[in-house]
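Sequence positions, counted from 1, serve as the residue numbers for this chain.
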Amino acid sequence: MTFMPQSQSTVDPVKLEKLAEVAVKVGLQLQKGQDLVITAPVVALPLVRLITKHAYLAGAGLVSAFYSDEETTLARYQYGSDESFDRASGWLYEGMAKAYANGAARLAVAGDNPMLLSEQDAGKVGRANRANSTAYKPALEKISNFDINWNIVSYPNPSWAKVVFPDDPEPIAIAKLAKAIFAASRVDVSDPVAAWTEHNANLGKRSAWLNGERFASLHFRGPGTDLTVGLADGHEWHGGASTAKNGITCNPNIPTEEVFTTPHALRVEGHVSSTKPLSHQGTLIDNIQVRFEGGCIVEAKASRGEEVLNKVLDTDEGARRLGEVALVPHSSPISASGILFYNTLFDENASCHIALGQCYSKCFLNGATLSQEQIKAQGGNSSLIHIDWMIGSDKVDIDGIKPDGSRVPVMRQGEWA
C-alpha cells in the first residue's frame, strides 16, 4: 500500500511542483554533483519527493532526507524518562555538520504544528530545547556563517492548517493554507523563477540604500516600544538572494520580504513589545515585553508562554542579546493577506523583527574573511539559538541615527519613509 498523506488531495499538485522547483533552482541553486540534506515533517512527504526529483534533475550527488513526526515527539513527553530531556541526538547533528563541511547543501521543510507542545510541561520543553540547541551548534554554525547554500520552504501540515483556520473543516483549512503558502512563495504565477529575480532586485535596492546611509543605530517607536538598536561596527544590510562562502548564490528563506543586518550586542537600550505571537518549538509565546540595558535583556514577560521564554533566555549569555534586526513594510504581501500563520518564516515577513541569539557573519563588510574574534570585537553576538520575533506594525515609526546624532526617517506607520 502506498503512503498517501491526507493533505495531498487538497493541495494543488502543479503549484506544489513549482514550489519544489523554486526550492532547488532559486532557494538553493543546487550545483551539479552537490549533495543535499533535507529535514521535514513526515506529512510533507509529497513535497520532499518532488524536491528530491528536481534536485536529481539539477545533477545532485546524493539526496538524504530526515523526517520528524508529531506523534513520536509527543510520545517522548508522555512516556520518556525525566533524564531524557537533557539529551539530544548530537551524533545526528555532528553528521549533518560533517556533510556541510564536505560541501552539502541544506534544505528544511517547515510546517510543524505551532501548538504541539502547548500542553506539555514547560520545564521539560525548555530542557529539551536547550539540549537540542547545544547539540545542533556544529551544524548551526555552518548555516549561520553562510558556509553553505541553504533554504527553508513550507508545506501545509493539516495540524498547522487547523491552527491558522480553526473554524474550517480540515480539507478546506489545508487548501487555504496551501494557497497562502504558494502566493507568499511566488509560485502562483506563470514564471516563478523570473518573479524571484525581480523580487530579489527590489530587495537589493533597499539594502543598497541602507548601506549607503551607514546608520549607527535604529530607533523604534510605537505602542509599548521605545527601543534603540545600535548597529554593529562594519555592519552590512542584506535582503533576498545571498552568496554563501562556497560561492553559490541562494535564497535562504522562501518566502522573504525583509532586509536585515547585525545589531551591536552591547548597544541596545529601551523596551519593546511583540506585535505577533511567537511559535517556538511547539509552544506559543504571546505579548512579549522585554527591556534592554547595555544590549542585554534584563526584564522579560509574556501573557502566554512566559516560562518557556525565560528558559530560552537562559540558554546562554548570548541568548539575551540580539543577533539580527530586520525591516519589513507593513504592506508586504504576507501582511496584506491578513493571515496570522503562527510560523516565524511567514510572520517575520509581515513585520519588522529582531532575533535573539546568534548573528550572521555575512552581515559584516568582508564578513567571509573575518574571524569569530573579529566579529565579536565589532559587536556580533554568539549564541546557541537564533529566534526571530515580530515588533513591527502600522503604528511603529523607525528613524536611522547617524554617527553625528542626526536622524533620517526610515519607516513611518510601518511603511518605507
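A donor-acceptor pair under 3.5 Å is formed between the side chain of Asp347 and the backbone N or O of Phe341. Asn200 contributes no side-chain N or O that, together with a main-chain N or O of Gly240, makes up a donor-acceptor pair within less than 3.5 Å. For the pair Asp397 (side chain) and Gln413 (backbone), a donor-acceptor distance under 3.5 Å is present. Checked by atom type and distance alone, the side chain of Gln289 never pairs as donor or acceptor with a backbone atom of Val272 at under 3.5 Å. The backbone N or O of Val63 sits less than 3.5 Å from a side-chain atom of Tyr56, completing a donor-acceptor pair. A donor-acceptor pair under 3.5 Å is absent between the side-chain atoms of Thr225 and the main chain of Gly222, judged by distance alone.
Exactly one of Leu327, Val325, Asn211 qualifies for a side chain to side chain contact (heavy atoms under 4.5 Å, CB included) with Val259. That residue is Leu327. When each of Thr262, Leu370, Asn145 is paired with Ser361, the side chain to side chain contact (heavy atoms under 4.5 Å, CB included) condition holds for Asn145 and for no other.
Partners of Lys395 under the salt bridge (charged side-chain N to carboxylate O under 4.0 Å, His left out) rule, at least two apart in sequence or in another chain, do not exist in this structure. Every residue was checked against the salt bridge (charged side-chain N to carboxylate O under 4.0 Å, His left out) condition with Glu306, not counting sequence neighbours, and none meets it.
The existence of a salt bridge linking Lys402 and Glu213 is confirmed by a sub-4.0 Å separation between a basic side-chain nitrogen and an acidic carboxylate oxygen. Salt bridge absent: Asp147 and Arg106 never bring a charged side-chain N and a carboxylate O closer than 4.0 Å. Between Arg130 and Asp314 there is no salt bridge, since no side-chain nitrogen of the basic residue lies less than 4.0 Å from a carboxylate oxygen of the acidic one. Note on Asp399 versus Arg407: salt bridge recorded, some NZ/NE/NH1/NH2 to OD/OE distance being below 4.0 Å.
Nearest heavy atoms, Ala139 versus Met96: CB-CB, 4.4 Å. For the residue pair Ala180 and Ile339, the shortest heavy atom distance occurs at CB-CD1, 3.7 Å. Minimum heavy-atom separation, Asp112 to Asn157: CA-ND2, 4.1 Å. When all heavy atoms of Gly239 and Ser207 are compared, the closest pair comes out as N-OG, 3.3 Å. Closest non-hydrogen pair, Val37 versus Ala104, comes out as CG2-CB, 4.3 Å.
For the 3.5 Å distance criterion, the side chains of His235 and Gln378 fail to qualify, holding no donor opposite an acceptor. Between the side chains of His219 and Asp226, a donor-acceptor pair is found at a separation under 3.5 Å. A donor atom on one side chain and an acceptor atom on the other are not found under 3.5 Å apart for Asp35 and Asn102. Looking at Gln31 and Asn149, their side chains never bring a donor and an acceptor atom within 3.5 Å of each other. In the model, Thr249 has a side-chain atom that pairs as donor or acceptor with a side-chain atom of Thr243 under 3.5 Å.
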>> Set out, in order, the CA-CA distance, both residues' side-chain angles and the distance that settles side chain to side chain contact (heavy atoms under 4.5 Å, CB included) for Cys250 and Leu28, then state yes or no.
In response: CA-CA 5 Å; Cys250 61; Leu28 294 174; 5.6 Å; no

What pairs of donor and acceptor atoms, side-chain ones from residues 382-391 against any protein atom, are under 3.5 angstrom apart with sequence neighbours left out?
residue, atom, partner, partner atom, Å
Ser383, OG, Asp316, OD1, 2.9
Ser383, OG, Asp316, OD2, 3.3
Ser383, OG, Ile385, N, 3.2
His386, ND1, Gln358, O, 2.7
His386, NE2, Glu324, OE1, 2.9

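Rounding to the nearest 0.5 Å places CG of Asn113 at 12.0 Å from NZ of Lys162. Taken to the nearest 0.5 Å, the OG atom of Ser217 stands 9.5 Å off from the CZ atom of Arg267. Note: Ile181 CD1 to Lys179 NZ = 13.5 Å, rounded to the nearest 0.5 Å.
Aromatic ring pairs are classed by plane angle as parallel below 30°, tilted from 30° to 60° and perpendicular above 60°; the pair Phe215 and Trp209 is perpendicular. Relative orientation of the Tyr360 and Phe146 rings is perpendicular, given thresholds of 30° and 60° on the angle between their planes. Relative orientation of the Tyr136 and Tyr93 rings is perpendicular, given thresholds of 30° and 60° on the angle between their planes.
With a 6.0 Å radius and a threshold of 12 heavy atoms from other residues, nucleotides or ligands, Lys124 has its NZ atom above the threshold.
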